[in-house]
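Okay, structure first, notes after.
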Amino acid sequence: MYAQVIVDIAHSQVDRIFEYSCPEGLAAGSRVKVPFGGRIIEGFVIGIAETCSLPADKVKPVYSVFDELPALVPECFDLMEHISARYKVPKATSLRLFLPSEMRLGKVREAQKTFVVLRDGGLSLPKSAKKQAEALAYLKEHGEAELSRLCALFGRGAVSALIGKGAATAEKRRVKRAPSAFLGGGAPERELTPAQNNAIESIESSPKRVHLLHGVTGSGKTEIYLRLIARAIESGKTAIFLVPEISLTPQMFAQLRARFKDGVAILHSGLTAGERFDEWWRLRSGEAKIAVGARSAVFAPLKDIGVIVIDEEHDASYSSESAPRYSTVEIARMRAEYNGCKLVLGSATPSVESYLKAEEGEYGLVTLPERINRRPLPEIIIADMRKEAQRGNNTAFSAPLKEELAATLKSGNQAILFLNRRGYSRTVICRDCGYVAKCENCDVSLTYHSEDNCLKCHYCGARYKLPAVCPACGGRHIIYSGTGTQRVVAELGELFPGARTLRMDNDTVSGKDGHYNILKKFAAHEADILVGTQMIAKGHDFPSVTLVGILDADMSLHFSDYRSGERTFQLITQVSGRSGRADEKGKVVLQTYSPENYILRYAVKYDYKGFYENEKQVRKATLFPPYSLICRVMVTSENDAQALSALKEAYFSAEALREKYPDKFLFLNRMHSPVKKIQGKHRYQVLMRLTDGELLSEIYEIAAAVSSPNVLCYVEENPANLS
Ligand code: ADP
Ligand code: ZN
């Protein structure tokens, strides 16, 4: 028999099938070691054949086989072809996506423990062998014991002697490293509301592959996901459930565990390597049938998938940030096609791109316009921070927020205060009139770059001087950044000395269970106020939270990104959804320097459709996605000269492409990236705006062609971040 092997080297020159002779019984999907160019390296068996194209004396045998069960399921080979063709990466790179990274190079193995099992309790021992007798008595009582424990109790010598005399045997056994405990609970299965029933009906009866489930926060989407998953399991199939950041939403996992018990396996970066390895094998072996996790769980080793769910489909974490920069939705769709199952994308605030697809009929659309039990959505109160500044209030708290906080504390409820700071980009805002510096060519906000002390447009590279006074009102109160969580907590201490406050941001959550501990405390009502960043925006369900304060709604509104309006709308909706989830009515105070902004006006009314229609017109008029495609070819290297020459090469190829297809290009330029150097690597880019994705394949070819061992070059489609 012959094995067709892809060697685990991500290089175009070896990106083909190599043949080796192999023993009978080796299955496709196995990981093997093979001799290659004078070394022994890892490879993936993607096929087994009875014949071989090499002459018999040239064929070398497979050196060794890794796992009893082939690690790759047959679907991987199909996906490998699609992914390699789509993103122009070697097959080895595509296959690596399907394995937990620590499994390659044999870094993690199964955990094993040795147990001592009693065989002959009647063995007679000499009087002098006291320790042996004690150990034997212990074994008679317990039947078996862990070797290390037995040795600790009675000494290694006594234990070996017993084994030597045949009274007991030592057995190696595999043990599972279970992910640590999460918040308990999980709601019991409930009777579905008519709206939920209709949603499930319409998804299952529709001929469409992909469905967008648009439901306001608290409309019962989660219950719909759980039922769809349960139905898949009942019919003997498996399921994938993706959430943006499972480590931040332990409640979701608790719910799944409560309902599906050990049938659920969790995959995310917060687990230890050993835990991830074991969870992965539970899925591969069929012991667990439901994979839940962040974006990489889309590659879960499941066969016969019955449904794939992507919750919060609009979330930026679904685009990969390392090679290949795949879109999770795209991969999920490939898997849904292969398995003939449904892909359900859920959100209270779908991305403009997805909603457009639903509107145009590519996706099925299911809408849940009301909360469960018609619970009202929380009232959103706008606080005009310009007025606060004029009144001389320079704290992070407006008068309405102080008032609502006082009332919340008095009634014994809880509040969440949210600071909207993602990344490090900073913008310029006038505190007197709300003016924001924008690019004259692109109509997006400018970003302050301290290293050059100037403002830059991330879409065209234009630079602007810093204004000394506000160009709109002549005021001198120009600020470059918002407030930090630390300052907010300090101010809270002065305003409400009796209140108990918790802070959750990158500085306070350390260690694997950092988030969990803070959230658990807050859930147990050991604090009155939780202050945090993006981390607290997602999916938490705290019944006694009746007030949410959004301290700086502007910070994302003016991000230098064509999606900043969309992001702001999503954030406000999502954060507001944390308030008033149980019986008491919730409130939200939204602090802003631009209360007249149309995004905020729609957000306050929870008017997604209004926001969407407006945003769609803006994107159409300015030719931004989804009415165009922004494409960035990044060139990075520690060697500046090599990076520059690769950049030139990439740019000339792109120019040649534009000459061939002039109508496809709306913009093309090469430049330093806005952040010129990260971790010692120089960064350059060719930036393009294209009318559509038709030339993508050529652009991926360009990037692959200029890549070299010293220069990393990759393509980003509609990147979430242009820094
Ligand atoms: P979403 O995911 O849309 O934000 P959830 O699924 O979290 O909404 O549901 C909101 C609340 O309503 C939760 O507390 C949930 O337990 C409850 N809920 C969901 N479905 C039902 C139902 N059919 N009957 C009663 N309560 C429900
Ligand atoms: Zn510009």
Side-chain angles (χ1 to χ4, degrees), residues 182-203 211-231 239 241-246 248-260 264 290 292 307-315 344-351 354-355 365-378 380 413-414 416 519 522-523 536-546 548 569-586 588 603 606 608:
F182 288 94
L183 296 174
E189 195 161 315
R190 273 183 266 251
E191 188 139 351
L192 295 178
T193 62
Q196 287 172 321
N197 259 322
N198 287 341
I200 292 176
E201 255 334 283
S202 103
I203 290 169
H211 290 264
L212 181 62
L213 175 60
H214 174 214
V216 297
T217 55
S219 58
K221 295 187 292 298
T222 309
E223 188 63 43
I224 294 178
Y225 305 147
L226 296 181
R227 290 300 175 99
L228 288 169
I229 292 169
R231 287 193 182 194
F241 185 17
L242 303 180
V243 290
E245 287 169 70
I246 184 108
L248 300 185
T249 50
Q251 283 158 328
M252 182 70 96
F253 184 66
Q255 251 185 350
L256 280 155
R257 258 284 150 83
R259 206 158 296 181
F260 301 106
V264 187
I290 303 166
V292 46
V307 68
I308 304 176
V309 174
I310 303 187
D311 190 23
E312 313 282 5
E313 66 89 27
H314 61 273
D315 198 274
V344 178
L345 310 174
S347 177
T349 52
S351 66
S354 295
Y355 204 85
L365 178 64
V366 180
T367 310
L368 298 171
E370 282 183 351
R371 278 188 158 183
I372 291 282
N373 298 333
R374 305 193 143 203
R375 244 170 235 155
L377 286 157
I380 304 185
N413 287 318
Q414 290 177 294
I416 292 179
L519 294 174
F522 193 61
I536 59 175
K538 295 192 180 141
H540 308 297
D541 199 349
F542 299 114
S544 357
V545 170
T546 54
V548 164
F569 186 87
Q570 288 164 349
L571 261 172
I572 294 174
T573 310
Q574 214 159 45
V575 181
S576 304
R578 303 305 121 225
S579 180
R581 288 179 73 86
D583 297 330
E584 270 187 86
K585 203 168 175 301
V588 176
Y606 298 97
Y608 176 81

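As the structure lists them, so they are numbered: ligands from 1, and atoms in each ligand from 1. Each residue takes its place number in the sequence, starting with 1. All values below come from the heavy atoms of this structure, side chains included, with hydrogens, waters and symmetry mates left out.
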Given Gln196, Lys221, Glu191, Arg190, which has its nearest heavy atom closest to atom 20 (N) of ligand 1?
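Minimum heavy-atom distance to atom 20 (N) of ligand 1 goes to Gln196.
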Out of Gly577, Pro543, Gly218, whose heavy atom is nearest to atom 10 (C) of ligand 1?
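Comparing heavy atoms across Gly577, Pro543, Gly218, the nearest one to atom 10 (C) of ligand 1 lies in Gly218.
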Numbering the atoms of ligand 1 from 1, which are under 4.0 Å from a heavy atom of [X]?
X	answer
Ser219	1 (P), 3 (O), 8 (O)
Val216	3 (O)
Thr193	23 (N)
Thr222	2 (O), 5 (P), 6 (O), 7 (O)
Thr217	4 (O)
Glu223	6 (O), 20 (N)

Side chains of Thr222 and Gln255: donor-acceptor distance under 3.5 Å anywhere?
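No, because no side-chain N or O of Thr222 sits under 3.5 Å from a partner of the opposite role on Gln255.
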What do the steps show when you test Val216 against Tyr606 for side chain to side chain contact (heavy atoms under 4.5 Å, CB included), and what is the final call?
CA-CA 8 Å; Val216 297; Tyr606 298 97; 5.8 Å; no
Would you check if [X] and [Y] make a side-chain contact, meaning some heavy-atom pair closer than 4.5 Å?
X	Y	answer
Arg190	Gln196	no
Phe542	Ile416	yes
Val548	Pro378	no

Could you work out, with salt bridge (Lys or Arg N to Asp or Glu O under 4.0 Å) as the rule, every residue matching Arg227, not counting sequence neighbours?
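Here the qualifying residues are Glu189, Glu223.
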Gly577 to Thr217 - nearest heavy-atom pair and separation
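Of all heavy-atom pairs spanning Gly577 and Thr217, the closest is CA-OG1, 3.5 Å.
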Consider every N or O of Ile372 and every N or O of ligand 1, then say whether any pair is closer than 3.5 Å.
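Min N/O separation from ligand 1 is not below 3.5 Å for Ile372.
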